[in-house]
Amino acid sequence: MARWDRGGEDEIPGWFWTAVETEAEEHTVEVEECDVFYRTWGEAGKAPMLLIHGMNAHSRWWDFIAPQLAGEYRIAAMDLTGMGDSDYRYAYDAETYAAEIVAVCDDAGFGNDVVIVAHSFGGVMATKAANLFPERFGALVLVDSGIRPPDEPVPAEGPVMGGGRAKVYPSREVAAERFRLFPPQPCANRYILTYIARHSLMRVDVGWAWKFDEELPLTLKGGERQPEDYSGLTLPVGIIYGELSESCKKTTVDYTVGLIPGDVPVIEVADAQHHVFLDQPLEFVEALLATVRRLL
């Protein structure tokens, strides 16, 4: 891709360019009449790891993370249907998302030792999948994802990006300027937001729109987090969360850990909010590798 930075290329660290310029292979697998898109990095035969994005995000949120893991793992990052470059459905449900996760693992040639690393909503769907297919996965790492205590208020939900799918922008540049994180939070790494925004857009007849189905939250069934989803887990589980996260506070982490059987390693990433790996990408990679080593 062309290098970009209004303030000068030197303001973007070299490790970032090395990561995002690492070539990935592109794949699709059909699940219930829809194509599910995913990308892979690293050598076949290495220990497998699947990365799953959050709501209204996509696999390219992992572009600057996956290559840093590919030295040790064969990495796949998928687009859940209704997001990214996967097809859209008339309606969505947790069971179908679980089937998509399994299908990507199967199509990628991953065995039953695959480590699932899943952020936010992706963590909820990965937890559902681990309950429905308990023998299919080797370990689960939840990234700023869990279940709140019953007495903890639930913040209002909303889209990951401002404007929504219904909004069409006259140019890619105008659209990228409107990119917003949800829950709302600042991010010091503007170059990461710029990169994600550029890869979150698609050309439509009259302009540019975000790559997600605005009907998804309205039609999704089975997406609620239930205590039994966590108490029923039988595989090793770890949690990584942001110190400053409003979506997955320490109270949420503690409640989630209390439900999951066995020892659950937890790492709090300092100075990170809900989008942990955008806020502190290098620290996140270190935390993830340490967590997986403890789980396996």
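What you see below is based on every heavy atom in this structure, not just the backbone, and it leaves out hydrogens, waters and symmetry mates. Count residues from 1 along the sequence.
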Q: Walk me through it: do E215 and Y88 pass the test side-chain contact (heavy atoms from CB on, under 4.5 Å)?
A: CA-CA 9 Å; E215 298 296 322; Y88 294 177; over 6 Å; no
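- A 4.5 Å side-chain heavy-atom check between R225 and S145 finds at least one atom pair inside the cut-off.
- For S86 (side chain) and G82 (main-chain N/O), no donor-acceptor pair under 3.5 Å exists by modelled atom type.
- Across every non-hydrogen atom of A19 and P67, the tightest pair is O-CG, 3.2 Å.
- To the nearest 0.5 Å, atom NE2 of residue H27 and atom OG1 of residue T40 are 2.5 Å apart.
- In this view, W41 satisfies the ring-ring contact (aromatic ring centres under 6.0 Å, His included) rule with no residue, not counting sequence neighbours.
- For R198 (side chain) and A176 (main-chain N/O), no donor-acceptor pair under 3.5 Å exists by modelled atom type.
- Taking CG of D63 as the start and NE2 of H199 as the end, the distance is 6.5 Å to the nearest 0.5 Å.
- Put simply, CE on M83 and CG on D85 are 12.5 Å apart, with the number rounded to the nearest 0.5 Å.
- Looking at every heavy atom in both residues, P265 comes nearest to T291 through CG-CG2, 4.5 Å.
- Checking R39 against S59 by side-chain atom types alone, no donor-acceptor pair falls below 3.5 Å.
- Listed here is the closest heavy atom pair of T28 and D107: O-OD2, 4.0 Å.
- Annotation: side chain of I240 is not in contact with side chain of L142 (no heavy-atom distance under 4.5 Å).
- Judged purely by atom type and a 3.5 angstrom limit, Q185 uses its side chain to pair as donor or acceptor with the backbone of H274.
- Here M125 contributes atom CE and L220 contributes atom CG; the two are 6.0 Å apart, rounded to the nearest 0.5 Å.
- Using modelled atom types, one side-chain atom of E100 and one backbone atom of T81 make a donor-acceptor pair closer than 3.5 Å.
- Counting only heavy atoms from C-beta outward, the side chains of L296 and V115 approach each other to under 4.5 Å.
- Side chain of N189 to main chain of L278: a donor-acceptor pair is present (N/O by atom type, distance under 3.5 Å, no hydrogens or angles).
- I147 and I52 end up in the same hydrophobic cluster when Ile, Leu, Val, Met, Phe, Trp and Tyr side chains are linked at under 4.5 Å.
- Remark: the backbone N or O of T96 is not paired with any side-chain donor or acceptor of R89 at under 3.5 angstrom.
- Heavy atoms from other residues, nucleotides or ligands lying under 6.0 Å from CD of E286 number 12 at most.
- For residues 215-260, no pair satisfies ring-ring contact (aromatic ring centres under 6.0 Å, His included), with sequence neighbours left out.
- Exactly one of D279, D144, T252 qualifies for a side-chain hydrogen bond (donor to acceptor under 3.5 Å, both in side chains) with S245. That residue is D144.
- A donor-acceptor distance shorter than 3.5 angstrom exists from the side chain of D87 to the backbone of D35, with no hydrogens or angles considered.
- Summarising the local packing, NZ of K250 is surrounded by 12 or fewer heavy atoms from other residues, nucleotides or ligands at distances under 6.0 Å.
- A donor-acceptor pair under 3.5 Å is absent between the side-chain atoms of Y92 and the main chain of L218, judged by distance alone.
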**Q.** Worked check of side-chain contact (heavy atoms from CB on, under 4.5 Å) between N56 and F182
**A.** CA-CA 10 Å; N56 288 353; F182 190 90; over 6 Å; no
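- If you take CG on L69 and CH2 on W62, they are separated by 9.0 Å, rounding to the nearest 0.5 Å.
- One hydrophobic cluster holds both L132 and L259 under the rule that ILVMFWY side chains link at heavy-atom gaps under 4.5 Å.
- Residue-environment remark: CD (E33) stays at or below the threshold of 12 foreign heavy atoms within 6.0 Å.
- Using a 4.5 Å heavy-atom threshold, the side chains of W208 and M202 count as separate.
- Formation of a donor-acceptor pair under 3.5 Å by the E243 side chain with backbone atoms of A272 is not found in this model.
- Ion pairing of D106 with R136 is present here, as a side-chain N (NZ or NE/NH1/NH2) and a carboxylate O approach within less than 4.0 Å.
- Contact of the F212 side chain with the M55 side chain is not registered, since no non-hydrogen atoms from C-beta on lie closer than 4.5 Å.
- Classified by interplanar angle (parallel below 30°, tilted 30° to 60°, perpendicular above 60°), the ring pair F284/F277 is tilted.
- Smallest separation of non-hydrogen atoms from G146 and C248: N-SG, 4.4 Å.
- With contacts defined as side-chain heavy-atom distances shorter than 4.5 Å, the pair W210/L201 qualifies.
- Checking K211, H58, R60 one by one against S200, the side-chain hydrogen bond (donor to acceptor under 3.5 Å, both in side chains) holds for a single residue, H58.
- Cluster annotation: V253 and V141 are assigned to the same hydrophobic cluster (Ile/Leu/Val/Met/Phe/Trp/Tyr, side-chain heavy-atom contacts under 4.5 Å, transitive).
- The hydrophobic clustering, which links ILVMFWY residues whose side-chain heavy atoms are closer than 4.5 Å, places F37 and L51 apart.
- Ring orientation note: the planes of H275 and H119 are tilted relative to one another, at an angle of 30° to 60°.
- The distance from atom NZ of K249 to atom CZ of R148, rounded to the nearest 0.5 Å, is 8.5 Å.
- Of all the heavy atoms in T234 and P134, the pair that sits closest is OG1-CB, 3.8 Å.
- Checking side-chain atoms of D229 against main-chain N and O of T127 turns up no donor-acceptor pair under 3.5 Å.
- In this structure the side chain of V292 reaches within 4.5 angstrom of the side chain of Y73, judged on heavy atoms.
- Linking ILVMFWY residues whenever their side-chain heavy atoms come closer than 4.5 Å, directly or via other members, leaves L244 and I192 in distinct clusters.
- Heavy atoms only, all atoms of each residue included: G242 and V276 are closest at N-CG2, 3.6 Å.
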Q) Would Y169 and R178 count as a side-chain contact (heavy atoms from CB on, under 4.5 Å) if you check the C-alpha gap in whole Å, the side-chain angles of each, and the deciding distance to 0.1 Å? A) CA-CA 9 Å; Y169 299 90; R178 291 294 303 141; 3.5 Å; yes
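- The aromatic rings of F16 and F64 sit tilted, their planes meeting at an angle between 30° and 60°.
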